[in-house]
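Everything below concerns the one structure shown next.
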Amino acid sequence: MPELPEVEIVRRSLDEKIKQKKVKKVIVRNRNLRFKIPLNFGRFLKNKKIIKVQRFSKYLILCLSDSSYCLLHLGMSGTVHLIHSNKKNSITNTSFYNSPELPKKHNHIEIIFEGMKMVYNDPRRFGFFQLIKDYSSLKKRFNHLGPEPFQSKFNLRYVCSFFKKKEKNIKNFLIDQNFVSGIGNIYASEILFLGKINPNKKVNSLIEKDCKKIIFNSKKVLFNAISKGGSSIRDFKNISGTKGSFQKNFNVYQREGLKCKRFRCKGIIKKKIISNRSTFFCNTCQK
DNA sequence: AAGAGGCCCTGATAGC
DNA sequence: TGCTATCAGGGCCTCT
């Protein structure tokens with residue numbers, strides 16, 4: 001599910017629901033995620049308040065009351081569920097309602113608050129939690145990441161200078177988090193379609209106008225996706241169980257063999273594997 | 001240094 | 001029905 005827009009949707013509902021809540025208890029059911037959940041995980045979180053929930057790129061950041069942080073990355077298949085209990089003060093037992101949304105398998109972590117708990121589910125285990133002791137460690141943790149498309153640092157000078165002398169194709173760069181962070185495999189294809197740029201094009205052959213289009217459309221696609229509640233493919237739902245609808249706005253992603261949606265374009269959408277990831281584009285209007 | 005490729009996992013679906 | 005192969009929204013590591 002998760003590129004920047006989907007993570008932002010999760011962040012918003014999480015922030016609304018658990019802000020100012022105090023962690024009463026943590027249950028680690030399965031420590032095996034991308035990084036093994038450390039043994040002190042529960043102890044670290046217990047009795048701390050969630051001041052707010054922030055996000056950078058595809059990372060959720062739980063800001064804790066002692067100025068430490070708990071990072072959460074959803075990987076490919078991570079989902080967050082909030083389960084409300086009907087009875088207060090009975091958190092030691094299993095007195096929570098089991099939401100119909102909560103999967104039976106792969107519930108790794110439960111963070112229990114007054115009256116509700118947050119459950120992290122992740123079948124493929126590519127997601128992770130990380131405990132960060134202070135702000136400078138948090139900065140360091142994100143050091144390798146490029147700017148988000150929304151940041152002013154993601155500007156023409158930055159993009160052009162990054163592209164100089166680089167031999168990789170543009171699709172590859174859009175999903176390269178060192179270059180720009182938050183764009184994943186779906187939105188990369190969509191961004192290139194809007195700019196009429198062929199995903200195979202080498203970045204050192206892009207002209208300034210192309211770079212401008214990439215910057216503009218990166219913001220546009222992500223912004224639109226957020227405003228539609230993200231994309232729900234394979235039944236992604238947000239925390240409240242509502243689906244996003246941006247998948248209805250896909251121009252190319254998962255549209256192999258279908259007609260190009262661009263006005264007057266007679267092209268057919270092609271699918272090509274570029275650096276091991278499916279890439280969709282119109283080979284007529286994307287030059 | 002940059003780029004290609006492989007790997008970490010489970011589950012859904014397609015094809016036989 | 002049941003097998004196998006392929007693919008999936010990400011990130012990190014190694015090798016050249």
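Residue numbering restarts at 1 for every chain, and letters A, B, ... go by the order of the sequence lines. Scope of the values below: all heavy atoms of this structure, side chains included, with no hydrogens, waters or symmetry mates. Values in this document were obtained by computation on a predicted structure and should not be read as measured data.
- For the contact set between residues 135-149 of chain A and DNA chain C, defined by any heavy atom under 4.0 Å, the members are A:R141, A:H144.
- Less than 4.0 Å separates DNA chain C from no heavy atom of any residue of residues 160-173 of chain A.
- Under a cut-off of 6.0 angstrom, the local environment of NZ in A:K220 is sparse, with at most 12 non-hydrogen atoms contributed by other residues, nucleotides or ligands.
- For A:Y69 and A:F44, the distance between ring centers is not under 6.0 angstrom.
- With sequence neighbours excluded, no residue forms a salt bridge (charged side-chain N to carboxylate O under 4.0 Å, His left out) with A:K153.
- Look at the P atom in both C:dG11 and B:dA1: the space between them is 23 Å, to the nearest Å.
- No salt bridge links A:D66 with A:K49; every basic N to acidic carboxylate O contact stays at or beyond 4.0 Å.
- Within 4.0 Å of A:K271, counting heavy atoms only, lie sugar-phosphate atoms of the nucleic acid but no base atom.
- Crowding of A:K219 atom NZ: a count of heavy atoms from other residues, nucleotides or ligands under 6.0 Å exceeding 12.
- For a distance-only test at 3.5 Å, the side chain of A:R277 fails to qualify as a donor-acceptor partner of the base of C:dA8.
- Stacking between A:F126 and C:dG10 is present: the aromatic ring centre lies within less than 5.5 angstrom of the base six-membered ring centre, and the two planes differ by under 30 degrees.
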For DNA chain B, what dot-bracket results from Watson-Crick or G-U pairs at under 3.5 Å, with [ ] for crossers and | for inter-strand partners? .|||||||.|||||||
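- A:K105 places its NZ atom 15 Å from the P atom of B:dC9, with the value rounded to the nearest Å.
- One P atom belongs to B:dC9, the other to C:dT14, and the distance between them is 16 Å to the nearest Å.
- A straight line from CZ of A:R31 to P of B:dC8 spans 20 Å, rounded to a whole angstrom.
- Of the residues in residues 185-200 of chain A, those placing a heavy atom less than 4.0 Å from an atom of DNA chain C are A:N185, A:I186, in numerical order.
- The ring pair (Phe, Tyr, Trp, His ring centres under 6.0 Å) test applied to A:F128 returns A:F35, A:H73, not counting sequence neighbours.
- A salt bridge is defined here as a Lys NZ or Arg NE, NH1 or NH2 lying under 4.0 Å from an Asp or Glu carboxylate O, and A:E8 with A:R12 meets this definition.
- A:E208 has no carboxylate O lying under 4.0 Å from a charged side-chain N of A:R157, or vice versa, which leaves the two without a salt bridge.
- With a 6.0 Å radius and a threshold of 12 heavy atoms from other residues, nucleotides or ligands, A:K52 has its NZ atom at or below the threshold.
- A:F179 and A:F163 have their aromatic ring centers within a separation under 6.0 angstrom.
- When each of C:dA8, C:dG10, B:dG11 is scored by its nearest atom to the side-chain atoms of A:K58, the top-ranked nucleotide is C:dG10.
- Nearest nucleotide to the A:R125 side chain, out of B:dC9, B:dG6, C:dG10: B:dC9.
- In this structure, A:F216 places its CZ atom where only 12 or fewer heavy-atom neighbours from other residues, nucleotides or ligands lie under 6.0 Å away.
- Residue-to-nucleotide proximity on DNA chain C shows that, of A:Y59 and A:I273, the 5′-proximal contact is made by A:I273.
- Remark: C1' of C:dG10 and CZ of A:R34 are 7 Å apart, rounded to the nearest angstrom.
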